[in-house]
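One structure below.
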Amino acid sequence: MEKFVDSYSGNSCEHVVSSIIDYNKNVEDYLMQFGYLPKSNFAESMRSHQQIENAVKNLQFFAGLNITGHIDDFTLDLMAKYVHFCCLH
């Protein structure tokens, strides 16, 4: 996430917010696609922070990564291997 935020320093606030929303949607879509979050017809804003964090922890556990619940560089690298995220890397 730090690389992501750093890459947007100096851009307009609106652009940064839009990029963060896209990033969060991509992460949530990945977690749903691979079964870490149940598929839902509700908007992503309906999910709690705790639900997303638990899904990330499960992904990290099964991948043998350090379990933090946060999307760190190791987790991003793993995710990028299986799905192309144009905005994640």
Side-chain angles (χ1 to χ4, degrees):
M1 180 74 171
E2 292 165 4
K3 282 197 286 188
F4 175 78
V5 172
D6 289 344
S7 68
Y8 286 98
S9 60
N11 289 319
S12 72
C13 183
E14 183 178 305
H15 183 260
V16 171
V17 169
S18 174
S19 297
I20 290 171
I21 290 169
D22 290 344
Y23 171 88
N24 288 340
K25 176 146 178 37
N26 284 337
V27 168
E28 187 168 332
D29 287 348
Y30 177 96
L31 294 170
M32 281 192 309
Q33 179 178 353
F34 289 96
Y36 295 100
L37 279 175
K39 296 196 187 279
S40 173
N41 292 329
F42 296 108
E44 61 272 355
S45 62
M46 298 297 291
R47 295 193 191 273
S48 72
H49 174 75
Q50 191 64 48
Q51 287 174 305
I52 302 296
E53 186 175 313
N54 287 340
V56 172
K57 284 180 179 181
N58 284 331
L59 167 67
Q60 292 167 330
F61 172 79
F62 286 109
L65 299 175
N66 187 26
I67 302 170
T68 65
H70 302 285
I71 305 292
D72 56 19
D73 289 342
F74 296 108
T75 306
L76 275 178
D77 288 343
L78 173 74
M79 294 168 75
K81 288 180 184 177
Y82 296 101
V83 175
H84 175 65
F85 285 92
C86 63
C87 296
L88 291 184
H89 260 270

Subject >> Spatial distance of atom CG (Leu37) from atom OH (Tyr30) [nearest 0.5 Å] >> reply: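 If we round to the nearest 0.5 Å, Leu37:CG and Tyr30:OH are 12.0 Å apart.
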**OP:** Could you grab the distance from atom CE of Met79 to atom CD1 of Ile71, nearest 0.5 Å is fine?
**Re:**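 Interatomic distance, Met79 CE to Ile71 CD1, rounded to 0.5 Å: 5.0 Å.
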Original post:
Between the side chains of Asn54 and Gln50, is a donor N or O closer than 3.5 angstrom to an acceptor N or O?
Top reply: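 The answer is yes; a qualifying pair exists.
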**OP:** Search all heavy atoms of Glu28 against all heavy atoms of Arg47 and return the closest pair with its distance.
**Re:**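 Scanning both residues completely, I find the closest heavy atoms to be OE2-NE, 2.5 Å.
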**OP:** Begin from the C-alpha positions of Asn58 and Leu31 and carry the test side chain to side chain contact (heavy atoms under 4.5 Å, CB included) through to its verdict.
**Re:** CA-CA 10 Å; Asn58 284 331; Leu31 294 170; over 6 Å; no
**OP:** Could I get the full list of side-chain contact (heavy atoms from CB on, under 4.5 Å) partners for Ile67, not counting sequence neighbours?
**Re:**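 For Ile67 the side-chain contact (heavy atoms from CB on, under 4.5 Å) partners, ignoring immediate neighbours, are Lys57, Gln60, Phe61.
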**OP:** Please list, chain by chain and in numerical order, all residues satisfying side-chain contact (heavy atoms from CB on, under 4.5 Å) with Asn66, sequence neighbours excluded.
**Re:**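 In terms of side-chain contact (heavy atoms from CB on, under 4.5 Å), with neighbours along the sequence ignored, Asn66 is linked to Thr68.
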Original post:
Are side-chain heavy atoms of Leu65 and Leu59 found at a separation under 4.5 Å?
Top reply: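 No; the side chains remain at least 4.5 Å from each other.
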